Amino acid sequence: MTTRKRKKSLPQAESSSVQTHSEPLKRLGLSDTNPAGHLHSPYFSTRESVRLSYSFFDQPCVDLAKAFLGKVLVRKLTDGTELRGRVVETEAYLGGEDKASHSAGGKRTERNTAMFMKPGTIYVYPIYGIYLCMNVSSQGEGAAVLLRSLEPLSGQDVMRGLRAAKRKAGARILKEKELCNGPSKLCQALDIQRCFDRRDLATDSEVWLEGDPEAETASAGEVVSTSRIGVESHGEWATKPLRFYMRGHPCVSVLNRDAERQMQSSTDLQIAETDGTV
DNA sequence: GGTGCGATCGCCT
DNA sequence: GGCGATCGCACCG
């Protein structure tokens with residue numbers, strides 16, 4: 001209570017930032033005090049989860065990118081194993097004006113056809129000759145959301161095996177938070193293949209998205225909005241805040257401390273205004 | 001911790 | 001023919 005009544009001041013903003021970041025670590029059991037490296041996720045429960053249908057995906061791109069945060073991506077392998085990961089980082093690619101989008105200028109090709117299909121359609125494309133990225137079509141012509149990072153919830157050992165298969169023999173064992181902290185890493189860990197392109201996330205039997213009744217949805221105050229990764233060459237579109245991640249989450253691929261500090265400053269200011277201390 | 005670089009090939013011009 | 005919505009590793013501090 002009293003800690004929330006801070007006025008803005010740099011050193012305190014710093015320390016509060018540290019506090020904000022260590023808490024999710026503890027929640028995840030990913031701190032150093034867990035030598036096994038395994039965790040009993042507070043998010044995984046026996047309660048029935050709800051598969052999300054077309055109406056969830058049928059919203060504007062930026063809204064969908066934020067709405068994805070906290071949802072659970074499920075991949076069912078042919079042997080019946082279910083791999084689960086919570087979405088903690090996304091990017092919005094708007095199409096049309098968005099110069100960084102594969103569908104910039106409304107350009108439609110064989111590769112990006114899925115971006116123009118109905119909301120919920122999966123867009124998988126190869127990058128750098130050796131990796132894949134997974135997107136999901138949203139409302140809006142050619143618009144889609146890139147899934148960048150997941151928090152592994154179940155099937156971690158299988159994920160580790162799938163990731164190891166693509167790495168050099170004898171490479172070190174990956175930590176849990178390293179399994180899905182990147183767009184191509186999550187495709188490897190969940191065995192998302194090229195053939196998933198143009199499939200429907202709302203109805204497919206091998207991959208789907210679930211809400212999680214146990215966990216609260218990421219609230220606006222905990223979502224960092226910042227620039228997208230790997231699109232530096234696209235002028236003003238490179239700097240627009242179209243990447244979204246759960247603040248303080250250890251599985252996010254790239255942090256932007258400045259954006260987080262600015263968030264904290266404006267939050268502190270709002271609290272101060274509410275308190276009448278400014 | 002951070003920075004720089006090479007790998008590798010499908011897609012688009 | 002050039003480049004990319006990436007990653008892992010070597011190297012530095």
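If you're wondering where the values come from, they're calculated on a predicted model, not measured in any experiment. When reading the values below, keep in mind they use all heavy atoms of this one structure, side chains included, and skip hydrogens, waters and symmetry mates. Each chain gets a letter, A, B and so on, in the order the sequences are listed, and its residues count up from 1.
Contacts between residues 99-110 of chain A and DNA chain B, counted as heavy-atom distances below 4.0 Å, involve A/Lys107, A/Thr109.
Remark: A/Arg163 is in phosphate contact with C/dG8, judged by side-chain N or O atoms under 4.0 Å from OP1 or OP2. One finds a side-chain N or O of A/Lys185 lying less than 4.0 angstrom from the OP1 or OP2 phosphate oxygen of C/dG8. Not one side-chain nitrogen or oxygen of A/Arg172 sits closer than 4.0 Å to the OP1 or OP2 atom of C/dC9.
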*Using Watson-Crick and G-U wobble pairs with both distances under 3.5 Å, what is the 5'-to-3' dot-bracket string of DNA chain B, with [ ] for crossing pairs and | for pairs outside the strand?*
|||||||.||||.
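Whole-Å rounding puts the A/Arg167 CZ to C/dC7 P distance at 12 Å. Rounding to whole angstrom units, CE of residue A/Met115 and P of B/dC11 are separated by 15 Å. C/dG4 atom P lies 10 Å from atom CD of A/Glu232, rounded to whole Å. Atom C1' of nucleotide C/dG8 and atom CD of A/Gln188 are separated by 11 Å, given to the nearest angstrom. Protein atom CD of A/Glu178 is 10 Å distant from nucleotide atom P of C/dC9, rounded to whole Å.
Heavy-atom contacts from other residues, nucleotides or ligands closer than 6.0 Å to NZ of A/Lys240 number more than 12.
At a threshold of 4.0 angstrom between heavy atoms, the contacts of A/Met134 with the nucleic acid are absent. Using a 4.0 Å heavy-atom distance criterion, A/Ile229 is classed as a sugar-phosphate-only contact. Residue contacts shown for A/Arg111 are limited to sugar-phosphate atoms, with no base heavy atom under 4.0 Å away.
Between atom OH of residue A/Tyr131 and atom NZ of residue A/Lys185 there is a gap of 9.0 Å, rounded to the nearest 0.5 Å.
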Output one line per pair: protein atom, nucleotide atom from nucleotides 5-10 of chain B, and distance, for all N/O pairs under 3.5 Å.
unit_1 : atom_1 : unit_2   : atom_2 : d
B/dT8  : O2     : A/Tyr128 : O      : 2.6

